[in-house]
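All chains are named by letter (A, B, ...) in the order of the sequence lines, taking the proteins before the strands, and each is independently numbered beginning at 1. Note: hydrogens, waters and symmetry copies are ignored here, and every other heavy atom, side chains too, is used. The shown structure was predicted, so the numbers you read here are calculated from the model rather than taken from an experiment.
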2 protein chains.
Amino acid sequence: MTPPRSTLRADAQRNREHLIVTAAEAFASGQAISLDAIAKRAGVGTGTLYRHFPTREDLVEEVYRDQIRPLRDDARVLLATEQPAQALHTWMRHFAEWAGERRGICEALVAMSASGRFGTGPVCDEVQQVLGMVLEAGAEAGELRSDIDPVDVGSILAGVLSVAGALEQRAQLDRMLTVVVDGLRPH
Amino acid sequence: MTPPRSTLRADAQRNREHLIVTAAEAFASGQAISLDAIAKRAGVGTGTLYRHFPTREDLVEEVYRDQIRPLRDDARVLLATEQPAQALHTWMRHFAEWAGERRGICEALVAMSASGRFGTGPVCDEVQQVLGMVLEAGAEAGELRSDIDPVDVGSILAGVLSVAGALEQRAQLDRMLTVVVDGLRPH
DNA sequence: TCAGTAACCGGAGGGGTCTCCGCTTGCGTC
DNA sequence: GACGCAAGCGGAGACCCCTCCGGTTACTGA
């Protein structure tokens, strides 16, 4: 009678970490790359990749887990130096820039939202928390609605990024973000 | 010396129309279907399909060309019975419902936006025109901003639909649309 | 140390998208 | 008619995503 295990077996843990490192390098190169290719490059079968990361966004979220952290500090700084609504707008712009440099992030966020999983996963959880923080500050200052779910705001952000995330659409994206932030003001 | 031709050759025209009819039937069945399968069902090679419709959204837009028309009348009715901002919100909801019943529409609109082609193609052109009409009415009534591009609004609509287009996300979608419409009000 | 077992692995393979290119055919010309 | 050629055709094939399952391996208890 073997007890059910809660932790990963040593080889599985190794494979998982190796996959993340390999994917991170591949994504960082800027080139598009297939998941099969990542598996091959990591020296594991595709089955192994998909067992650890059932969907592409699961892998993407894991790859950028650490890189998202600075955006939280950024939000804190913005809240300290700008009015909340303005800070929200600026942060969203910063996030768009951050996401624009990281292949697969927008698609991942959209997929998480569309499947009702926004907030689960390292990256979108961080986004949700940051948005919650800013929204709260805005509500306290009376500048932003107090009855809005950060998940909804994150989903809208993901949505507009999915249609205007490209660099050459910066101007359009900014106009769209203006609308969104204005829509978050009270009354 | 053959002069360059502007119109489609007869067989090409036949194939094109047959593809649209076949795709319409396939989409109407509600089942997911591959483009290869549509080509086979239409009795043409996949090469022929992709020559006529380089991207999936090109085919989708063509298939729903006629079905989008009633939404224009709907907008007229709404403008006659509701205040413009309210009419905009209601119409967007109607559009979401319409799109929800038609496989591939949301994806197509997102793709058109993302590639800067929103407004080209029968469906998104109609959407753009309807939004233009409603926005204009709203601007005249002083209820909506007058400096906003219908393409931007259409893109936002496509974006939110891409993250919350599913039936079970109706409530979330409606909250998001509220934010968007509020963001379109003046000041 | 050595089974026994659950956990894990790998890659073949099914199904999809999309391209490429050698062959066929409609159509204008004579 | 018949000829010439641009326009169009079709399907093989490259590549991608993802699943499934027979074989392998790390861990555990004795």
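- The 5' end of DNA chain C is approached more closely, in terms of each residue's nearest nucleotide, by A:V44 than by the other of A:V44 and B:G47.
- Counting only N and O atoms by type, the side chains of A:D152 and A:S155 include no donor and acceptor under 3.5 Å apart.
- Ion pairing between a basic and an acidic side chain is recognised when a charged N comes within 4.0 Å of a carboxylate O; B:D58 and B:R117 show such pairing.
- Among the atoms of the strands shown, base atoms are found under 4.0 Å from some heavy atom of B:D36.
- Within 4.0 Å (heavy atoms only), A:S34 reaches sugar-phosphate atoms of the nucleic acid but no base atom.
- Rounding to whole angstrom units, CZ of residue A:F53 and P of D:dC17 are separated by 15 Å.
- Residue B:L35 contributes atom CG, which lies 16 Å from atom P of C:dG15 at whole-angstrom precision.
- In this structure, A:R9 does not reach the C:dA6 phosphate: none of its side-chain N or O atoms is under 4.0 Å from OP1 or OP2.
- Taking atom CD1 of residue B:I38 and atom P of nucleotide D:dG10, one finds them 16 Å apart after rounding to whole Å.
- Side-chain nitrogen and oxygen atoms of B:T48 include at least one within less than 4.0 Å of the OP1 or OP2 phosphate oxygen of D:dG10.
- Mapped onto DNA chain C by nearest heavy atom, A:A12 and B:P54 fall at different nucleotides, with A:A12 at the one closer to the 5' end.
- By the neighbour-count criterion of 12 heavy atoms within 6.0 Å, atom CD of B:Q86 is densely surrounded, having more than that number from other residues, nucleotides or ligands.
- Spacing between atom CG of B:D58 and atom C1' of C:dC18 amounts to 14 Å, rounded to whole angstrom units.
- Counting non-hydrogen atoms under 4.0 angstrom, A:R56 reaches the backbone sugars and phosphates but no base.
- The shortest distance between the side-chain N/O atoms of A:N15 and the OP1/OP2 oxygens of C:dC9 is below 4.0 Å.
- Rounded to whole Å, atom P of D:dG8 lies 19 Å from atom NE2 of B:H18.
- Judged by closest nucleotide on DNA chain D, B:Q13 is the one of B:T46 and B:Q13 placed further toward the 5' end.
- Spacing between atom OH of A:Y50 and atom P of C:dC9 amounts to 16 Å, rounded to whole angstrom units.
- To the nearest angstrom, P of C:dG10 lies 8 Å from CZ of A:R51.
- Spacing between atom CG of A:L49 and atom P of D:dC17 amounts to 10 Å, rounded to whole angstrom units.
- Proximity of A:H52 to the phosphate of C:dC8: no side-chain N or O atom is located under 4.0 Å from OP1 or OP2.
- Taking 4.0 Å as the cut-off between side-chain N and carboxylate O, A:R56 and A:E107 do not count as a salt-bridged pair.
- Linking Ile, Leu, Val, Met, Phe, Trp and Tyr residues whenever their side-chain heavy atoms come within less than 4.5 Å leaves B:M112 and B:L131 in two separate clusters.
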